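One structure is given here, and the rest of the page talks about it.
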Amino acid sequence: MTDCVFCRIVARQNQADIEYEDEHVVAFKDIYPKAPVHVLIVPRRHIATLTEATEDDIDVLGRCVLAARRIAEARGFAERGFRLGLNTGPEGGQVVYHIHFHFTAGRRTSGG
């Protein structure tokens, strides 16, 4: 998909600060961070939204979650804590229509 910014990052047509990658997943720093550490984790294969994911996508979505664990371990947040979020659709806050997980860390939240 040439019109997808994340597909262009995966294909190295657009520049990004890569934090992690393997044969299925690429993770890179968000250019509009919402926390001191904000990394986007995307499957290399284009899946527009979670609502378009199928049984065939189970493996790659799980690999995205495991990539978050690896990033947390590498950055020292595995024990301290981090957040992993997924926005779906316009009312869910999704802006780029290539499924992506937001890994955020480095700040305390107030309350329980």
Side-chain angles (χ1 to χ4, degrees):
M1 290 205 95
T2 56
D3 61 330
C4 172
V5 67
F6 291 171
C7 286
R8 290 193 306 266
I9 289 170
V10 167
R12 298 299 200 269
Q13 295 168 345
N14 283 20
Q15 204 169 13
D17 191 354
I18 305 295
E19 285 273 321
Y20 171 84
E21 67 180 317
D22 63 27
E23 64 184 285
H24 304 283
V25 174
V26 177
F28 49 92
K29 291 182 181 175
D30 193 311
I31 61 172
Y32 301 111
K34 304 292 189 256
V37 176
H38 190 166
V39 177
L40 302 177
I41 303 167
V42 305
R44 287 185 181 273
R45 184 168 45 82
H46 184 87
I47 305 166
T49 70
L50 186 58
T51 58
E52 294 184 15
T54 69
E55 296 288 325
D56 294 336
D57 300 317
I58 290 170
D59 184 59
V60 75
L61 296 176
R63 290 177 183 275
C64 289
V65 173
L66 290 177
R69 187 200 75 205
R70 291 183 180 106
I71 293 165
E73 291 170 348
R75 292 291 220 106
F77 290 104
E79 296 297 322
R80 294 185 300 173
F82 59 94
R83 181 178 201 141
L84 187 62
L86 173 65
N87 301 339
T88 302
E91 290 188 28
Q94 187 174 9
V95 176
V96 176
Y97 282 79
H98 182 129
I99 199 167
H100 56 286
F101 293 82
H102 293 261
F103 175 98
T104 55
R107 67 172 176 212
R108 289 184 180 211
T109 58
S110 59

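Only a predicted model underlies this, so the values are computations on that prediction, with no experimental measurement involved.
Here the CZ-CD1 distance, from Phe77 to Ile71, works out to 11.5 Å after rounding to the nearest 0.5 Å. How far SG of Cys7 is from CD of Gln13: 9.0 Å, rounded to the nearest 0.5 Å. Atom OG1 of Thr54 sits about 7.5 Å away from atom CD1 of Ile47, to the nearest 0.5 Å. Here the straight-line distance linking atom CZ of Arg69 with atom CG of Leu84 works out to 13.0 Å at 0.5 Å rounding. To the nearest 0.5 angstrom, Glu73 atom CD is 10.5 Å from Tyr20 atom OH. To the nearest 0.5 Å, atom NE2 of residue His46 and atom CG of residue Asp3 are 7.5 Å apart.
Minimum heavy-atom separation, Gly92 to Asn87: O-CB, 3.2 Å. Taking all atoms of both residues into account, the shortest heavy-atom contact from Ile41 to Ala27 is CG1-CB, 3.9 Å. For the residue pair Ala68 and Phe103, the shortest heavy atom distance occurs at O-CE1, 3.5 Å. For Arg45 against Val60, the heavy-atom pair with the smallest separation is NH2-CG1, 3.8 Å. Summarising the geometry of Ala105 relative to Ala35, their closest heavy-atom pair is O-CB, 3.8 Å, with the distance given to 0.1 Å. Scanning both residues, Val39 and Glu19, for their nearest heavy atoms gives CG2-CG, 3.8 Å.
When the side chains of ILVMFWY residues are joined at heavy-atom separations under 4.5 Å, either directly or via intervening members, Leu50 and Val65 end up in a single hydrophobic cluster. Cluster annotation: Leu40 is connected to Val10 through the hydrophobic network of ILVMFWY side chains, with a link wherever side-chain heavy atoms come within less than 4.5 Å. Taking hydrophobic clusters as Ile, Leu, Val, Met, Phe, Trp and Tyr residues chained together by side-chain heavy-atom distances below 4.5 Å, Phe6 does not share a cluster with Leu86.
Put simply, the side chain of Phe28 reaches to within 4.5 Å of the side chain of Ile18, judged on heavy atoms. Side-chain atoms of Asp57 and Ile99, non-hydrogen and from C-beta on, never get closer than 4.5 Å to each other. Considering only heavy atoms from C-beta on, Cys64 stays 4.5 Å or farther from His24 through its side chain. Leu66 has its side chain out of reach of Arg63: every pair of non-hydrogen atoms, C-beta onward, lies at least 4.5 Å apart. His102 has its side chain out of reach of Lys34: every pair of non-hydrogen atoms, C-beta onward, lies at least 4.5 Å apart.
Listed for the His100 side chain is a donor-acceptor partner under 3.5 Å among the backbone atoms of His98. In terms of modelled atom types and a separation under 3.5 Å, the side chain of Glu79 and the main chain of Gly81 share no donor-acceptor contact. Of the possible donor and acceptor atoms, one in the side chain of Gln94 sits under 3.5 Å from a partner among the backbone N and O of Gly89.
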